[in-house]
Peer 1: 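I'd like to ask some things about the structure below.
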Protein chains: 2
Amino acid sequence: MVVKILIADDDPQMVRALRVTLSARGYDIVTATNGRQAVDAAIAQHPDVYLLDLGMPELDGLEVIHALRGWTTAPILVVSGRTDAFEKVEVLDAGADDYVTKPFSMDELLARIRALTRRSPHHEPQQAVVTIGDVTIDLANRSVTRRTEGGSAAVRLTPTEWQVLEILVRNAGRLVTRQNLLVEIWGSEHVTDTGYLRLYLAQLRKKLEPNPSEPRFLLTESGMGYRFVPEGR
Amino acid sequence: MVVKILIADDDPQMVRALRVTLSARGYDIVTATNGRQAVDAAIAQHPDVYLLDLGMPELDGLEVIHALRGWTTAPILVVSGRTDAFEKVEVLDAGADDYVTKPFSMDELLARIRALTRRSPHHEPQQAVVTIGDVTIDLANRSVTRRTEGGSAAVRLTPTEWQVLEILVRNAGRLVTRQNLLVEIWGSEHVTDTGYLRLYLAQLRKKLEPNPSEPRFLLTESGMGYRFVPEGR
DNA sequence: TCGCACCGTTCGGGTTCCGTGAGGACGGGC
DNA sequence: GCCCGTCCTCACGGAACCCGAACGGTGCGA
């Protein structure tokens, strides 16, 4: 996948130099020579990285950052001629990810771009509905339904059963230690009362698993805790 | 939640200054004065941000970065006295996220730390996935999966097996002495019980290695200890 | 060639840990 | 007062796990 970079600088010579160097490295380049253009291009093109000069006409670099941060989390690298610490702080706190002062080494700039693009966060939104086999769990509505022949029936869970299930599902695929569950649900004074969990896990399995004696979704890790596996083992 | 920062610098005065300033800002501080200490502290404390000096004794800053990047994606900010572009490129490409040259403005450093922590909210557990051949090890989820024909199967590890594997993986590429492992897992009274390790290494190899009789990832250094090699020898 | 040190491997007992069922305590609704 | 759902205690059988002991293989020096 090719990385698209927006270069915004009011100095055409600088823009040209950056374009040549960066496109030679395989980046896809979009340019702008003032703040207004930069924001418009951003909306139209959705770049993966921003290379912003401060002190552009029309819209100041800081204002551009604010505008961008309203709707994108793509990395922003600010290039500026000024070296005072106050501006750096201001820019970084406005949402920029890095700040380089002119004159800069092109190799360093490239390395910093690589460092920024390396972190491409593929953050997955918290899924509210999880389906395992015949059973669907809706975390938002606090409801569980089971598909039966010719329809679906609601599964009734007690409040405590819900708490256990919810924690496990929210940590789907992850091991949840017994202590975590106990402290979360019964409080820190019951860290050692593992009997509670055995009970409720048995209940949940009875209600959710196709074959409770051979759990496919609510797995136990001996000596550690429990794990909810959406795919079924 | 409080952000934990590891400060690693061989200059005690610098460490003290940073500790005072950062802890005053509400950060939780862990310190180290050489590379070996830094990696050990990282394993024990799991900091959210790393503040590394280059040119430390025992283990160089670059080596520390390599060791850390084997298992953590937490942001690394490198502080160095040298200004040459080559070193910056080298460090950034090694996996560091930012590079600041001494002398630096404390305000700027703080702003850069804020910029880094803004990106990786630590309520999302940091991903730490290591892949070796057909097997992927997920330290955060405490899970091991093995690619098989037509899918992937979970590999079940016992708690003790996990402890051994975790220490080795977190020290990926580095030699871990037998004593280190024994003290860490079984306590200092079992420093000489090397039999334990032979047992669990055999178990791990059986479960992880393509050919357990010819280990490619879990190597033994005769007379010394063991070494986990991500690339496979 | 022998002996030794070191490492890998197997086996089985002892212990801890886990699932299950029965049943009591508590409290709210009627 | 009675019913009923929920939560918890307890005891038992079985499984998982840890660890001690012994055997085999390999490399090295005497």
Side-chain angles (χ1 to χ4, degrees), chain A residues 142 144 154-168 175-187 189-228 233, chain B residues 142 144 154-166 168 175-187 189-228:
Chain A
R142 289 205 157 215
V144 175
V155 177
R156 287 176 51 85
L157 295 187
T158 72
T160 314
E161 285 165 8
W162 245 111
Q163 287 189 71
V164 176
L165 182 64
E166 187 172 2
I167 293 177
L168 288 174
L175 179 117
V176 182
T177 63
R178 222 176 284 283
Q179 295 92 317
N180 256 331
L181 286 164
L182 287 166
V183 171
E184 191 83 20
I185 299 174
W186 285 274
E189 64 269 31
H190 292 103
V191 201
T192 52
D193 294 341
T194 61
Y196 298 178
L197 284 177
R198 295 191 306 208
L199 202 75
Y200 285 100
L201 260 295
Q203 285 293 108
L204 285 173
R205 288 206 252 247
K206 226 181 278 177
K207 292 181 177 180
L208 303 180
E209 292 276 1
N211 180 11
S213 59
E214 283 182 15
R216 289 176 52 204
F217 308 108
L218 295 166
L219 309 183
T220 130
E221 312 262 318
S222 194
M224 293 303 309
Y226 294 92
R227 184 195 306 269
F228 174 81
R233 198 164 289 238
Chain B
R142 233 191 164 99
V144 175
V155 178
R156 290 176 53 87
L157 295 187
T158 72
T160 314
E161 286 165 9
W162 248 110
Q163 287 189 72
V164 176
L165 182 64
E166 187 174 5
L168 288 174
L175 172 81
V176 182
T177 63
R178 225 176 284 282
Q179 294 90 321
N180 255 333
L181 285 164
L182 287 165
V183 170
E184 190 84 20
I185 299 174
W186 285 274
E189 64 269 32
H190 292 103
V191 201
T192 53
D193 294 341
T194 60
Y196 298 177
L197 284 177
R198 296 195 308 223
L199 204 76
Y200 285 100
L201 261 293
Q203 284 292 108
L204 284 173
R205 289 205 253 248
K206 220 181 285 177
K207 293 182 177 181
L208 303 180
E209 292 276 0
N211 180 11
S213 58
E214 285 181 14
R216 289 176 52 205
F217 308 108
L218 295 166
L219 310 182
T220 129
E221 313 265 317
S222 194
M224 295 298 306
Y226 294 92
R227 183 195 305 268
F228 173 81

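Here is how names work: the chains are called A, B, and so on, in the same order as the sequence lines, proteins then strands, and each is numbered from 1. Note that the structure is a prediction, hence the values are computed from the model and not measured.
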Peer 1: Round to a whole Å and report the spacing from CZ of Arg227(B) to P of dC7(C).
Peer 2: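 That distance rounds to 15 Å.
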Peer 1: Which part of the nucleic acid does Gly195(B) contact within heavy-atom distance under 4.0 Å: base, sugar-phosphate only, or nothing?
Peer 2: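 No contact.
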Peer 1: Has Tyr200(B) got a side-chain N or O lying under 4.0 Å from the OP1 or OP2 atom of dC18(D)?
Peer 2: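 Yes, because at least one side-chain N or O of Tyr200(B) sits under 4.0 Å from OP1 or OP2 of dC18(D).
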Peer 1: Given atom CG of Leu197(A) and atom C1' of dC18(C), what is their separation to the nearest angstrom?
Peer 2: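 Distance check: Leu197(A) CG to dC18(C) C1' gives 11 Å.
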Peer 1: Using side-chain contact (heavy atoms from CB on, under 4.5 Å), reason through Leu157(A) and Leu204(A) one step at a time and then give a plain yes or no.
Peer 2: CA-CA 8 Å; Leu157(A) 295 187; Leu204(A) 285 173; 4.1 Å; yes
Peer 1: Would you indicate which nucleotide in dG21(C), dC17(D), dC8(D) comes nearest to any side-chain atom of Lys206(A)?
Peer 2: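 In terms of side-chain proximity for Lys206(A), the closest of dG21(C), dC17(D), dC8(D) is dG21(C).
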Peer 1: Using a 4.0 Å heavy-atom cut-off across all strands, classify Thr194(B) as base, sugar-phosphate, or nothing.
Peer 2: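 Nothing: the residue Thr194(B), judged by heavy atoms under 4.0 Å, touches no strand.
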Peer 1: Could you tell me how far apart Leu182(A) (CG) and dC8(D) (P) are, to the nearest whole angstrom?
Peer 2: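 These atoms are roughly 11 Å apart.
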Peer 1: Rounded to the nearest 0.5 Å, what separation is found between the CZ atom of Arg178(B) and the OH atom of Tyr226(B)?
Peer 2: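 Rounded to the nearest 0.5 Å, the CZ-OH separation comes out at 4.5 Å.
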Peer 1: Would you say Glu184(A) has more than 12 foreign heavy atoms packed within less than 6.0 Å of its CD?
Peer 2: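 No, the 6.0 Å shell around CD holds no more than 12 heavy atoms from other groups.
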Peer 1: Between P on dC17(D) and CH2 on Trp162(B), what's the gap in Å once rounded to a whole number?
Peer 2: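 Between P of dC17(D) and CH2 of Trp162(B): 14 Å.
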Peer 1: Given atom CG of Leu219(B) and atom P of dG8(C), what is their separation to the nearest angstrom?
Peer 2: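 Rounded to the whole Å, the gap is 11 Å.
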Peer 1: Can you measure Arg156(A) atom CZ to dG5(D) atom P for me and round it to whole angstrom units?
Peer 2: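 About 8 Å, once rounded to whole Å.
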Peer 1: For dC7(D), does either OP1 or OP2 sit under 4.0 Å from a side-chain N or O belonging to Thr158(A)?
Peer 2: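 So the side-chain polar atoms of Thr158(A) do come within 4.0 Å of the phosphate oxygens OP1 or OP2 of dC7(D), strictly under.
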Peer 1: Side chain of Ser222(A) only, please: which of dG8(C), dC8(D), dC17(D) is the nearest?
Peer 2: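 Ranking dG8(C), dC8(D), dC17(D) by closest atom to the Ser222(A) side chain puts dC17(D) first.
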Peer 1: Could you work out which one of dT6(D), dA22(D), dG19(C) sits closest to the side chain of Arg198(B)?
Peer 2: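 Out of dT6(D), dA22(D), dG19(C), the nucleotide with an atom closest to Arg198(B)'s side chain is dA22(D).
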Peer 1: How many angstroms lie between CG in Leu165(B) and OH in Tyr200(B), if you round to the nearest 0.5 Å?
Peer 2: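 Atom-to-atom, Leu165(B):CG and Tyr200(B):OH are 13.5 Å apart.
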Peer 1: Side chain of Tyr196(A): nearest nucleotide among dG5(D), dC8(D), dA16(D)?
Peer 2: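 Shortest atom-to-atom distance from the side chain points to dC8(D).
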Peer 1: Which part of the nucleic acid does Leu199(A) contact within heavy-atom distance under 4.0 Å: base, sugar-phosphate only, or nothing?
Peer 2: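 Base contact.
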Peer 1: Where do Arg205(A) and Thr220(A) land on the side-chain contact (heavy atoms from CB on, under 4.5 Å) test, with the steps shown first?
Peer 2: CA-CA 11 Å; Arg205(A) 288 206 252 247; Thr220(A) 130; 3.4 Å; yes
Peer 1: Round to the nearest Å and state the distance from Asp193(A) atom CG to dT9(D) atom C1'.
Peer 2: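 Computing the Asp193(A):CG to dT9(D):C1' distance gives 11 Å.
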Peer 1: Atom CH2 of Trp186(A) to atom P of dT9(D): distance rounded to whole Å?
Peer 2: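 So the two atoms are 11 Å apart, to the nearest Å.
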Peer 1: Which nucleotide in the set dG8(C), dA11(D), dC7(D) lies at the smallest distance from any side-chain heavy atom of Thr220(B)?
Peer 2: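 When the side chain of Thr220(B) is considered, dG8(C) is the closest of dG8(C), dA11(D), dC7(D).
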